[in-house]
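Every chain is numbered from 1 and lettered A, B, ... according to where its sequence line falls, protein lines coming before strand lines.
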Amino acid sequence: MNGAADMGGMHGFGPVEPEPNEPVFHADWEKKAFALNIAIGCAGIWNLDAFRFERESISPPEYLNRSYYGLWVVTLERMMLKYGVATPEEIAAGRPLAPPKKTPRPVTADQVATMIRHGSPYDRPAPSPALFKVGDRVRTKNNHPTTHTRLPRYARGRVGEVVRIVGCHVFPDSHSQNIGEDPHWLYTVRFDGRELWGEDADPSVRVAIEAWEPYLEPL
Amino acid sequence: MNGAHDMGGMHGFGPVEPEPNEPVFHGEWEKRAFALTLAMGMPGGWNIDMSRFARENRPPGDYLSMTYYQIWLAGLIDLMKERGLVSDDEIAAGHSLRPAKPVKRVLSPADVAQTLHRGGPTARETNSKAAFAAGDKVRAKVINPLTHTRLPRYVRGRVGVIESVRGCHVFPDSNSQGLGEDPRWLYTVKFDGRELWGADTDPTLSVSIDAWEPYLVRA
Amino acid sequence: MSGHDHHDHHHDHDHSELSETQLRVRALETVLTEKGYVDPAALDVLIETYEKKVGPRNGARVVAKAWADPAYRERLLKNGTPAIAEVGYAGRQGEHIVAVENTPKRHNMVVCTLCSCYPWPVLGLPPVWYKAAPYRARAVNDPRGVLADFGVALPQDTEIRVWDSTAELRYLVIPMRPAGTEGWSEEKLAELVTRDSMIGTGLAKSPADLK
Amino acid sequence: MTHDHHDDHHHSHHDHGSDLTEMQLRTRALETILLEKGYIDPAALDELVDIYEKKIGPRNGAQVVAKAWVDPKFRKLLFEDGTAAIGSLGFGGRSGNHLVALENTPTVHNMVVCTLCSCYPWAVLGLPPLWYKSAPYRARTVADPRGVLRDFGVELPKDTEIQVWDSTAELRYLVVPMRPAGTEGWSEEKLAELVTRDSMIGTGLPKQPKDLQ
């Protein structure tokens with residue numbers, strides 16, 4: 001979707017302001033917001049792509065004016081409502097008013113380390129041979145789905161070169177809508193800066209993205 | 001400038017919510033903000049393109065959470081401060097703290113009707129020849145200036161057809177930077193919806209913009 | 001452009017915001033009048049003009065005349081600005097007006113995705129929704145969805161032309177004349193012309209609506 | 001770009017008063033609901049926080065870079081199969097399942113960003129700093145990387161090619177900066193001290209030996 005999150009190439013945000021000796025978390029609630037999301041994220045109720053789509057669906061003014069973990073809290077609430085983990089009344093009351101529909105399988109403390117070590121690999125067996133190979137010139141499609149996609153607007157309808165075949169990966173555009181992992185071949189595609197930003201862009205700049213095969217068409 | 005104002009094709013803002021029997025102004029301050037902005041144009045000495053850039057040139061998060069006349073007010077204040085007509089301490093104090101800068105003219109009540117009637121035509125005489133004619137296929141250039149432009153992001157790089165030649169008009173990209181009116185040929189360019197938004201767009205949709213010659217190349 | 005979809009956010013946002021903005025405007029007006037940059041009486045005339053005098057009734061008269069007078073309609077479609085001046089409307093934000101006509105096969109819709117360009121002389125100042133993100137964002141890529149927000153559904157095969165006012169050209173939609181209005185006077189016809197029908201987010205009223 | 005709204009600008013970066021307390025309340029409410037419904041184990045939350053606040057951080061990546069400076073065999077593996085290479089040092093898993101190392105050379109400088117959200121190689125760099133997740137970095141890096149480098153006080157020769165990698169999938173990138181001169185014979189530990197977090201994102205360069213005096 002073309003939400004506020006897709007901000008590559010936007011202007012007006014001012015300079016980058018690194019914070020000297022910045023702490024990992026800026027408040028206790030941020031620690032909780034982080035941990036809650038990771039823990040419940042691994043409980044198999046929803047997937048990461050669906051979580052990202054929910055977050056980018058937050059209205060642009062709110063998205064741009066919430067802090068990073070503020071967005072995590074708002075997104076967690078929306079996911080809990082959407083996936084039946086809690087009702088609006090429970091969120092408002094700040095406590096459960098009924099037992100959970102399905103008995104949950106929480107991640108316990110002793111499982112955390114292995115869960116982190118294992119991570120969640122996205123590569124899958126390939127259902128078909130790859131269409132493109134390294135060195136191929138491709139054009140990204142100019143699609144504007146209202147659902148989740150990982151093809152940023154600044155790179156749509158642009159010509160680039162395949163610089164890596166990553167392998168077959170879960171396809172977020174389908175996975176986020178809970179219509180299956182739908183694995184597709186994934187490539188790293190590199191663009192000349194002038195192809196993205198115009199002929200007077202810095203000639204020394206290249207920008208690469210990862211793009212699934214459905215994003216690409218042969219030149 | 002790729003600011004939040006350039007929002008054609010964005011998602012996530014929700015439905016259009018027309019207000020039944022909406023008043024022209026939503027509060028006394030909106031009337032005064034509206035009138036102050038128009039009245040200050042004469043003594044201020046800025047043109048409409050400078051005024052538009054002053055409004056769009058602000059952090060996207062702020063732009064999207066300000067109401068229409070709050071943005072007008074913020075733009076007016078920036079224009080006046082840039083020209084030293086007022087300063088922060090005066091705005092804070094709510095009073096003039098030092099003598100005014102001399103200005104060419106002040107809008108008098110008698111001027112109002114006449115200036116409104118005259119308006120600000122942007123058409124200009126020229127002896128240059130238009131590069132394009134109705135029916136020509138053109139491509140909107142990929143440009144991403146940090147300064148003011150009237151070429152929305154959603155058409156950059158896309159191919160359309162010249163629908164009509166509108167004559168020579170003041171060129172905002174120059175006029176907004178005080179580089180003179182720099183009149184250029186102006187065309188209405190028609191784009192098929194699928195060219196803008198992808199193959200599965202409503203085939204009955206076409207979108208046109210008014211584009212100055214420097215925005216276009218022959219396709 | 002505040003977030004409409006968050007109604008509570010919108011309102012509590014407004015109360016604290018509003019009083020602060022009222023104070024800022026009052027401070028500005030005092031500073032500018034004390035410095036002599038602005039004549040308060042001129043402000044009142046500006047406000048009076050656009051709150052009371054200039055509004056969509058102007059455009060309705062133009063549309064009604066185009067419906068009733070084929071020669072006028074021809075002149076209007078060929079060159080909007082002088083034709084509209086014949087009826088007495090011209091000037092600021094209407095220096096270069098283009099009239100676009102709806103037909104059974106084509107529906108026109110006007111937007112300014114970049115700010116709020118709107119034909120003031122014939123329609124007055126634009127409504128909030130015209131200047132807000134939901135309309136500006138969706139008019140260009142989902143006009144049928146926007147029409148649905150206005151309760152309007154067009155046949156699937158009707159061509160939809162969206163005009164994004166990116167220059168100083170201002171567009172006025174000439175809606176189709178409703179059936180059953182033969183012999184009507186221009187005044188009566190003008191009553192059928194709604195503001196939204198001249199933007200393209202609505203249709204003209206039918207005679208039944210006037211009963 | 002006038003920045004007179006600096007305070008507003010900041011406002012959108014960090015929580016201001018009301019946002020903070022609002023967030024504390026909302027988070028507490030969520031935790032209570034999820035805990036009492038049995039969805040979470042509070043001890044697991046503490047463990048998660050402890051791991052990412054204290055255990056996993058940029059020192060992991062510094063160790064990888066130092067080894068790549070010293071050990072040609074490891075360097076070759078790192079650029080052929082980043083995941084296996086960091087795995088051999090015990091790093092991997094979450095946000096490190098598909099790691100790709102990027103080699104800075106005298107003619108090519110790499111920078112990593114996630115314009116769409118905040119993708120970052122947790123396994124080797126821990127959780128991302130605020131600026132990495134903020135709009136100024138996400139918006140500008142793909143279009144004006146040299147401008148962003150200036151914000152970090154870094155100026156590269158005009159003809160150096162700048163490669164920006166936008167992490168749009170689950171690949172996670174680690175920049176391997178050039179080894180500073182004057183470090184012949186240094187141990188991996190000592191070399192690792194020169195490797196700053198920013199130099200592994202591409203917004204900074206490694207420290208020089210004299211910086212360690």
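At least one donor-acceptor pair closer than 3.5 Å links the side chain of C:R136 to the backbone N or O of B:H5. Remark: side-chain polar atoms of C:E95 are paired, donor with acceptor, to backbone N or O of B:G120 under 3.5 angstrom. One N or O on the side chain of C:T166 and one on the backbone of B:D210 form a donor-acceptor pair closer than 3.5 Å. When atom types are taken as modelled, the side chain of B:K31 and the backbone of C:D44 share no donor-acceptor pair closer than 3.5 angstrom.
Both the backbone and the side chain of B:P121 come within contact range of chain C, judged by heavy atoms closer than 4.5 Å. For a residue to count as touching a neighbouring chain, one of its non-hydrogen atoms must lie under 4.5 Å from one of that chain's; by this rule B:M80 touches chain C with the side chain only. Using a 4.5 Å cut-off between heavy atoms, B:H169 touches chain C through its side chain atoms alone. In this structure, no portion of B:Q114 lies under 4.5 Å from any heavy atom of chain C. For a residue to count as touching a neighbouring chain, one of its non-hydrogen atoms must lie under 4.5 Å from one of that chain's; by this rule B:V207 touches chain C with backbone and side chain alike. In this structure, chain C has no heavy atom under 4.5 Å from any part of B:R55. With a 4.5 angstrom heavy-atom cutoff, B:L85 touches chain C via backbone and side-chain atoms both.
Between B:F34 and C:W120, the angle of the ring planes lies from 30° to 60°, which puts this pair in the tilted group.
The pair B:E22-C:R195 fails the salt-bridge criterion, with no side-chain N (NZ, NE, NH1 or NH2) lying under 4.0 Å from an Asp/Glu carboxylate O. Contact check on B:R124 versus C:E168 returns no salt bridge, with no Lys/Arg side-chain nitrogen under 4.0 Å from an Asp/Glu carboxylate oxygen.
Side-chain contact check for B:K190 versus C:R161: some heavy-atom pair is nearer than 4.5 Å. Between B:T188 and C:Y171 there is a side-chain heavy-atom pair separated by less than 4.5 Å.
Note on C:T30, C:T49, C:V146, C:L32: by heavy-atom pairs under 4.5 Å with chain B, the leading option is C:L32. In terms of heavy-atom pairs under 4.5 Å with chain C, the best-connected choice from B:G44, B:P43, B:A100, B:A4 is B:A100. The candidate with the highest count of non-hydrogen atom pairs below 4.5 Å against chain C, out of B:A33, B:P203, B:P152, is B:P152.
Of the residues listed (C:R144, C:E159, C:K105, C:Q156), the one engaging B:T204 in a side-chain hydrogen bond (donor to acceptor under 3.5 Å, both in side chains) is C:R144, and it is the only one.
Defined by atom type and a distance below 3.5 Å, a donor-acceptor pair is present between the side-chain atoms of B:Y154 and C:D164.
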